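The structure under discussion appears below in the form of C-alpha cells.
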Amino acid sequence: MQAIGEPAYRGAQIYHAIYAERRFDFAEMSNLPAALRERLAREAAIELPRIVRRHMSSDGTVRYVLGVGEREGEKPATIEAVFMPEENRQTICISTQAGCAVDCRFCLTATLGLMRNLSAGEIVGQVLVALEDNHAGLKPQTNIVLMGQGEPLLNYDAVMSALRILLDPNGVAIAPRHAALSTSGIVPGIERLAQEKVRPNLAISLNASSDEQRDQIMPINRKYPLEKLLEACRKYPLRPREWLLFEYVMLGGFNDSPEDARRVVKLLANIRAKVNLIPWNPGDLPLKRPERQRVEEFQRVLIEKGVPCFIRDSRGQDVMAACGQLALAEAAAATSSGASL
Ligand code: SF4
C-alpha cells in the first residue's frame, strides 16, 4: 500500500478482509475508501485456485482438482485438496508441491515426479477455496493437514509463509494445535521447524520397522536413515501436551507383522509418540491391503507397550482416496485429449 502512496494500515485492512473475512472482491471491502476500492479493482486482482473438478464421496468428503498458475507468464499446474466434514469440525488436506520428487513406492503422486513448488499464495488459496465452496455447512473448528501432494519440508520457505497466514489469529485464524505437517523425514527441515515460534504439529511418515525395509519403499531413507531421523525426533523440543505423530502405512505381508510392531516400539523409545496405522488404500500400485486382523494385532502390540496407537481408514475411499490419484487421472485425461499440464 505504501508503494502505491497509501497509508500502511490499509495493507492490514486488506489482509484482514481477504484472510479473516474471506472477501475476494475489492468492492466488498467496505472499510476502504471508495476511490481506493475502484483503483484496486482496476489495477490489482485477488485470485484463488480454480476448481477444475469436484469428486464428492458418499461420506461427505469432497476431493478437489485445482488449477494454479494459470496467468500469463506463470507455470500452470494441477494439484489436489480434500475437504472432510465431521460432526463438530472440518479437516482440509492441502498440497505443498505439484507432484513430488521423494518417490515413496506406495504413493501415486510419486509417479508424477516433481512439477514445481507451490507459492505461499497457492498453498493458502487451497484452504480458502475449500472453506468458500463449503461455506453453508461450516462447523466452528477447522483443522488443516499438509498431507496432499508434495514434501512440505522441501518447499520450506513458502510453506512457513503460508502457515504464518493460516495460523495468524488476524489471518485465517486456525489454531496451531489444529494444524499438522506431514514429512517423509527430511532431517534438516525437522531441525529448522524445531526453531519456529509458531508451528503446526509434526507428523512423520515412518512406514517401516527397519532401514532395510524402509529403503525399499522410501528411497529418502538412504539419505536420512532411521537413526538420524529418530535422533532429530528425540531432540525436537515438544511443548506441553504436544506429541510427535508417526504414520505407518500398512502394506499386506510387507510391514504388518507382530515382529514389525515390536521393532516399531523399540524405535520410538524415549519419544513422546503416537502412531496412526493406515491400512493401505488399494490403488493401481502392486502392493496389497493388509488383513484387518493383522492391523488390529499390530495395534495391540503397540498399546500393550504403552504407545498410543490408532487405526485410520482413509476417507472418501470411493473417490480415489490415495494421494495423487486425482492428479494422475487428470494427467491421463489431458494426455489423451492432447493437452499438457
Ligand atoms: S508420500 Fe508424500 S513425500 Fe512420499 S512421494 Fe508421496 S507426496 Fe511425496
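Counting convention: from 1, in listed order, for ligands and their atoms alike. All heavy atoms count here, side chains included; hydrogens, waters and symmetry mates do not. All values derive from a computational prediction rather than experimental measurement.
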Please work out, at 4.0 Å between heavy atoms, whether the side chain, the backbone, both, or neither of Asp103 comes within that distance of ligand 1. backbone
Note: Asp211-Arg214 ion pair, threshold 4.0 Å (strictly below): no
Restricting to N/O/S atoms, is Cys100 within less than 2.8 Å of atom 8 (Fe) of ligand 1 or not? yes
May I ask you to check if any N/O/S atom from Cys107 comes under 2.8 Å of atom 6 (Fe) of ligand 1? yes
Counting distance only, does the side-chain N/O of Arg10 pair as donor-acceptor with the main-chain N or O of Leu32 below 3.5 Å? no
Would you mind listing which atoms of ligand 1 come within a distance below 4.0 Å of any non-hydrogen atom of Gly150? 7 (S)
Which atoms of ligand 1 have any heavy atom of Ala110 under 4.0 Å away? 5 (S)
With the side chain counted from C-beta on, respond yes when Arg294 and Ser257 share a heavy-atom pair under 4.5 Å apart, and no when they do not. yes
Checking Gln149 against Thr109 for the side-chain hydrogen bond (donor to acceptor under 3.5 Å, both in side chains) test, could you report, in this order, the C-alpha distance in whole Å, the side-chain angles of both residues, the deciding distance, and whether it holds? CA-CA 6 Å; Gln149 284 182 24; Thr109 300; 4.9 Å; no
Basic-acidic side-chain contact under 4.0 Å: Arg23, Asp25: no
